[in-house]
Amino acid sequence: MNIISSTVIICAYDEKRWGDLCAAVASVAAQETPATELVVVIDHNPALLERARAAFPHAIAIPNERTRGLSGARNSGIAVASGEVVAFLDDDAIAAPTWLGTLLTGYRAPHVLGVGGKIVPLWPASRPRWFPEEFGWVVGGSYLGQPERTAAVRNLIGANMSVRRDVLTQVGDFQSTLGRVGTRPVGCEETELCIRALQQWPGGAFLYEPSAMVWHRVTPARARWSYFRARCYAEGLSKAHVAQLVGTNDGLSSERAYTMRVLPSGVLRNLNQGLRRDSAGFLRAGAIVAGFGITAVGYALAQARIRLSRSRTMSPPGPASVVGRA
């Protein structure tokens with residue numbers, strides 16, 4: 001394989017996560033295939049930026065000079081990246097030693113636009129018995145229903161993804177109207193970017209490579225039902241905005257297969273487990289149904305707001321407006 005230069009970008013915003021950030025940076029430094037450069041982007045937190053510059057002299061620590069939030073921070077990192085491939089790792093994730101090398105191997109084929117890998121949730125103790133594996137995305141992890149071997153997918157997940165820098169340069173920034181800001185549980189900015197790239201390069205592909213692994217810490221707060229509910233609702237909102245930006249067909253193509261095949265199969269499997277003396281199976285089946293319903297409500301409400309906004313924009317001015325301009 002030709003040697004490919006790479007930039008790893010880690011975005012951080014909160015000093016309370018300092019220990020996680022240090023672990024993420026250390027995992028990049030321990031890669032068997034070293035990154036050409038590591039960029040640490042600090043999201044509008046001058047004190048954390050000073051601390052990062054002092055603690056990570058081998059990294060390029062910069063402030064987010066774009067819109068506050070994860071999308072803006074990533075865009076700031078991309079602006080200074082020099083690697084042919086730009087890889088993204090969350091500040092509360094730890095990469096396996098073979099992570100970067102495995103991702104880069106996927107770029108042997110010139111039509112590959114990006115490569116992502118498996119994200120294993122690190123639960124506070126263990127996964128709650130009520131939590132269905134099909135909803136691993138709620139805590140930023142991989143989920144049941146994703147490919148079990150290398151395969152082309154519509155989009156990658158931001159905690160473990162990489163993209164050719166030329167693709168990022170040509171397709172444009174992550175959308176600042178999408179993506180997490182602080183602890184607000186929204187997302188889908190990487191989904192929208194990947195779809196936009198595939199629309200520009202129809203012959204291109206994003207690969208999911210499960211052997212490129214990272215471990216993603218789940219805080220106790222994210223292991224609660226209240227977060228599950230909030231994250232599902234926010235996902236519905238985000239998906240509606242993605243569909244508005246890239247079109248419904250592309251924006252919901254993977255979701256259709258997920259809701260038609262993965263979720264019904266999960267309900268039946270967990271009900272069966274409940275009947276076989278695993279009482280938590282009934283809870284997991286209920287969580288799947290509830291999670292889908294909450295996501296659908298979020299999507300429907302966002303769609304209604306979008307339609308209302310469009311109708312107001314397209315409506316002709318009323319008599320009072322005309323008189324006011326006279």
Side-chain angles (χ1 to χ4, degrees), residues 1-66 68-107 114-117 119-120 122 140 156-169 173-174 180 190 209 211-217:
M1 180 183 72
N2 293 330
I3 297 176
I4 298 177
S5 61
S6 61
T7 299
V8 175
I9 295 176
I10 300 176
C11 302
Y13 70 96
D14 191 348
E15 287 189 87
K16 294 178 182 178
R17 294 157 64 115
W18 177 254
D20 291 331
L21 176 59
C22 290
V25 169
S27 74
V28 174
Q31 291 298 299
E32 294 179 4
T33 301
T36 307
E37 63 184 4
L38 168 62
V39 177
V40 177
V41 187
I42 304 301
D43 189 16
H44 297 267
N45 188 330
L48 181 56
L49 177 61
E50 294 267 338
R51 191 174 184 182
R53 283 175 169 165
F56 313 132
H58 60 290
I60 303 169
I62 63 169
N64 172 18
E65 297 182 344
R66 309 289 183 89
R68 180 186 296 272
L70 183 55
S71 291
R74 285 174 173 164
N75 293 334
S76 291
I78 294 167
V80 303
S82 63
E84 297 169 78
V85 169
V86 179
F88 300 91
L89 181 70
D90 276 12
D91 66 334
D92 54 355
I94 299 172
T98 58
W99 168 68
L100 185 58
T102 305
L103 290 179
L104 296 179
T105 299
Y107 290 94
V115 185
I119 307 164
V120 182
L122 283 177
L156 308 174
I157 298 178
N160 180 3
M161 67 179 286
S162 66
V163 185
R164 292 187 191 272
R165 184 165 57 87
D166 287 348
V167 170
L168 293 170
T169 300
D173 289 347
F174 286 96
R180 184 177 291 269
E190 64 267 27
E209 175 50 74
S211 62
M213 293 179 59
V214 307
W215 290 268
H216 196 187
R217 188 170 75 88

Residue pair Q31 / T33, side-chain donor-acceptor N/O under 3.5 Å: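 Side chains of Q31 and T33: no pair found under 3.5 Å.
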
E37 and S82: side chain donor to acceptor below 3.5 Å: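 Indeed, the side chains of E37 and S82 share at least one donor-acceptor pair under 3.5 Å.
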
Roughly how far, to the nearest 0.5 Å, is the [atom2] atom of [Y] from the [atom1] atom of [X]?
| X | Y | atom1 | atom2 | value |
| --- | --- | --- | --- | --- |
| E84 | T36 | CD | OG1 | 8.0 Å |
| E15 | L21 | CD | CG | 10.5 Å |
| S6 | L104 | OG | CG | 5.0 Å |
| R53 | I60 | CZ | CD1 | 11.0 Å |
| R68 | N45 | CZ | CG | 8.5 Å |
| N64 | H44 | CG | NE2 | 4.0 Å |

Can you see which heavy atom on [X] is nearest to which on [Y], and at what distance?
| X | Y | answer |
| --- | --- | --- |
| L156 | G114 | CD1-C, 4.0 Å |
| A87 | L100 | CB-CD1, 4.2 Å |
| A159 | I119 | CB-CD1, 3.7 Å |
| L89 | S27 | CD2-OG, 3.9 Å |
| A95 | W215 | C-CZ3, 4.3 Å |
| S76 | R66 | OG-CG, 3.3 Å |

Pair D91-D20, side chain to side chain contact (heavy atoms under 4.5 Å, CB included): steps then yes or no: CA-CA 6 Å; D91 66 334; D20 291 331; 5.7 Å; no

Contact between [X] and [Y] at the side-chain level, heavy atoms closer than 4.5 Å - yes or no?
| X | Y | answer |
| --- | --- | --- |
| S162 | Y107 | yes |
| V86 | V163 | no |
| N160 | W99 | yes |
| V85 | L103 | no |
| L70 | D43 | no |

Salt bridge (Lys or Arg N to Asp or Glu O under 4.0 Å) assessment of D92 paired with R217: CA-CA 6 Å; D92 54 355; R217 188 170 75 88; 5.8 Å; no

Test side chain to side chain contact (heavy atoms under 4.5 Å, CB included) applied to I78 and F174, step by step: CA-CA 10 Å; I78 294 167; F174 286 96; 3.8 Å; yes

Worked check of side chain to side chain contact (heavy atoms under 4.5 Å, CB included) between R165 and T7: CA-CA 9 Å; R165 184 165 57 87; T7 299; 5.9 Å; no

Stepwise side chain to side chain contact (heavy atoms under 4.5 Å, CB included) check, F56 with V28: CA-CA 12 Å; F56 313 132; V28 174; over 6 Å; no

